[in-house]
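Written below as structure tokens is the structure these notes are about.
Proteins come first, then strands; the chains are lettered A, B, ... in the order of their sequence lines, and each starts at number 1. Fair warning: this is a prediction, and the values are worked out from it, not measured in the lab.
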Amino acid sequence: MIRTHTCGELRAGDVGSEVVVCGWVDSVRDHGGVLFVDVRDHTGVTQTVAHPDEQPEGFAAAEAVRGEWVVAVRGRVRMRPEGTQNPDLPTGAVEVPIDAVEVLSVAEPLPIPLDERTETDEILRLRHRPLDLRKERLQRNLRTRARVSAAVRAALEAEGFVEVETPTLIRSTPEGARDYLVPSRQTPGSVYALPQSPQLFKQLLMVGGIDRYYQIARCWRDEDLRADRQPEFTQLDLEASFAEPEDVYAWIEAAMRAAFEAAGRSGELPETIPRLTWHDAMDLYGSDKPDLRAGPPIVDLAGVFAGTAFKAFAATLDAGGTVRGWRFRGGGDLTRNRLDGLIERAQHLGAKGLVWMVVEADASLRAPVAKFLSDAELAGIGAALDAEPGDLLLLAADTAQTASAVLGQLRLDLDRPAGHAPVEAGGAGVSPLWVVDFPLFEDDGAGGLTPLHHPFTSPHRDDVHLLDTDPAAVRSHAYDFVINGVEMGSGSVRIHDAAVQARMFEILGMEEAEVRSRFGFLLDAFRHGVPPHAGFAVGWDRLLMILCDERSIREVIAFPKTQTGADPLTGAPAAVGDDVLADVGLQMTPEARAVAAAEAGTEAGDSGA
RNA sequence: GGUCCUGUAGAACAGUCUGGAGUGUUCGCCGCCCUGUCAAGGCGGAGGUCGCGGGUUCAAAUCCCGUCAGGACCGCCA
């Protein structure tokens, strides 16, 4: 053992002990006659000190060390002199006189600062990720992540869930997102795909009698990235036989509580997690992942404007549309410029227009359109939106869907709390909910239907009869868990009835040959005794992002990628030689070759590196 | 595929709107001084292809066009 103690553990009780502490030189404070070297590791900082007359050898050696050198310091722990103890440091009562210091490794000046006050450009942080990882923020996040994973594993094991690994070189099933492809050397011309999720395999595990499966699984989707989307990401995936939605809700809620507790945020989830139907979520918040923290729900005002003389509203209502409104508490002091900006924003979002009203001190409504509205209508608006003086009211007349979508987005623009910090830390806390009863299908934009979730999602038991008459109206047994407007995970009851599954494929317009080719192995397995089963998958990076109060999942991933899917640390993705390609039966097109050459030229000439 | 923001010394920025010598601030780095600091302090110093290319101009970090990189968002993400 090179060290006897970590840098964060020495206390007054250790005085007199001969110790060796190891770590990085956090700071050197040279007073000429007395020299302090703070040694840091992931547990904290210990002050070591040398006087030229008391520790002549240690002083001489310590004078040479610089920031971020890796050192081992040996000495006998002593109390700091009266009046020089540092109550802000856990180790601040003691210090280690430098009897000897061994330089384990020197360090050049760092390309990025490690102090927590400077917000370094993210490309530099990623390029120098090993250094960035030394900082407390990522140390804290990654350790939280490990604790949360362990706690959730324990919680699921306690419920009888069994961790099973599934393959990551799989058959491409061209549904949903684009697959990442891995060419095969042994079968040139054929490719594996990296799984977008373990979906099919976990269903096969149910056929295999595993009964309750879970896995913290890596998934890959070749789509454009966002703050909460990486090309490779992690899911807590689970599936259970003989289970209903209520069972899944209970397991996931238990896992979430375990996760919050492990992150030091127990008690922040409400006793009862609210549930909203998908339909209500779309009406009330214009979103299937509402952030319940951002102001009140949207209110339908069709009743207020029945028979209105205001032509713009009347025309919309006559055409089968509606008028909806949202109240922004205290928004009445927005400048005219801001208000005009809101109208522009609404139009950009697809609204024909936007009506704003400011609630005056006497509760009257000040608005450009007020003169077109009756007193009863104005009073009705104020009552329906629970308006108070100083509020801003926003009204949109459109189809129900568009009106809610536009007001829902403005609601987020204007009133969504930033971040996910606990209430006691001054944040807006967390507000989870279940969104249930998603539609089974959505319009594919070409006159057909496409699964909203995936083609193995069970129709709602009350809507099966609609499959033949009105499939677009069929609800599913699919459900999402949402926290703070972030889709935290989704799941469903799966189809285990061969006839229903066949009908699904039929409605989706999939030929039998195509079905057999893509999913034959699953359907075959289902022919030999498949239990009813249901499952769920939690976006693990997103959950950790919220638990760690981060704005991007990159802050809870050790080695994340940029928005273009690149890793600035290793330079991935990178070209490979023609011989390597030939090995797997591939050849670069002239176009690809030109791009690769341009890239190489850019790297050499552009000082961006 | 699209919209928007950003790019100036090792780092964080100001300077760009309204063109006039690479001007400046903080941190870091190097040297000297300093015996109780803990974001130590004082003095001095080094360090720049203003992302890259082109254009306008007597003159471009600054204006225009293109491009690259990073970020936010829309599309996309069963």
Look at the side-chain N and O atoms of [X] and state whether any lies under 4.0 Å from the OP1 or OP2 oxygen of [N].
| X | N | answer |
| --- | --- | --- |
| A:Thr564 | B:G70 | yes |
| A:Gln563 | B:A72 | yes |
| A:Thr562 | B:G70 | yes |
| A:Ser27 | B:A40 | yes |
| A:Arg551 | B:C73 | no |

Do we see a donor-acceptor contact under 3.5 Å between the side chains of A:Tyr285 and A:Asp291?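 No, A:Asp291 and A:Tyr285 have no side-chain donor paired with an acceptor closer than 3.5 Å.
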Pairing donors with acceptors under 3.5 angstrom, does anything connect the side chains of A:Thr564 and A:Thr562?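 Yes, because at least one side-chain N or O of A:Thr564 sits under 3.5 Å from a partner of the opposite role on A:Thr562.
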Answer with yes or no whether [X] presents, from its side chain, a donor or acceptor under 3.5 Å of a partner atom in the base of [N].
| X | N | answer |
| --- | --- | --- |
| A:Arg117 | B:A12 | no |
| A:Arg80 | B:C38 | yes |
| A:Glu95 | B:G36 | yes |

Taking a pair as Watson-Crick or G-U wobble with both distances under 3.5 Å, which nucleotide is matched to B:G31?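 Its partner is B:C43.
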Would you indicate what A:Leu225 reaches in the nucleic acid, counting non-hydrogen atoms under 4.0 angstrom: base, sugar-phosphate, or nothing?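 The residue A:Leu225 makes no contact with any strand.
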Regarding A:Arg494, tell me which of base, sugar-phosphate or nothing describes its non-hydrogen contacts under 4.0 Å with the strands shown.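 Nothing: the residue A:Arg494, judged by heavy atoms under 4.0 Å, touches no strand.
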Rounded to the nearest Å, what distance is computed from the CG atom of residue A:Asp115 to the P atom of nucleotide B:U26?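 Distance check: A:Asp115 CG to B:U26 P gives 16 Å.
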Can you tell me the distance, in whole Å, between the CZ atom of A:Arg178 and the P atom of B:C77?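 Checked: the CZ to P distance equals 8 Å.
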Does the side chain of A:Val482 come within less than 4.5 Å of A:Met488's, by heavy atoms?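 No, every pair of side-chain atoms sits at 4.5 Å or beyond.
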With stacking defined as ring centroids separated by under 5.5 Å and planes differing by under 30°, is A:His31 stacked against B:A40?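 The base of B:A40 is stacked with A:His31 (centres under 5.5 Å, planes under 30°).
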Any idea how A:Phe438 and A:Trp278 line up, ring-wise: parallel (<30°), tilted (30 to 60°), or perpendicular (>60°)?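 It falls in the tilted class, 30° to 60°.
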Any chance you could lay out the salt bridge (Lys or Arg N to Asp or Glu O under 4.0 Å) test for A:Glu116 and A:Arg137, step after step, and finish with the verdict? CA-CA 8 Å; A:Glu116 304 285 336; A:Arg137 178 188 194 174; over 6 Å; no
Pair A:Phe481 and A:Phe536, ring centroids less than 6.0 Å apart: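 No.
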Let me spell it out: for each of A:Val28 and A:Val49, pick the nucleotide of RNA chain B with the closest heavy atom. Which residue's pick is nearer the 5' end?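 Mapping each residue to its closest nucleotide by heavy atoms, the 5'-most match is A:Val49.
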Selection: residues 226-234 of chain A, any non-hydrogen atom under 4.0 Å of RNA chain B: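 Result for residues 226-234 of chain A: A:Arg226, A:Ala227, A:Arg229, sorted by number.
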Quick check on contacts: within residues 217-224 of chain A, what sits under 4.0 Å from RNA chain B by heavy-atom distance?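 Contacting residues: A:Arg221, A:Glu223, A:Asp224.
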For atom NE2 of A:His128, decide whether the heavy atoms of other residues, nucleotides or ligands shown that lie under 6.0 angstrom number more than 12.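 Yes.
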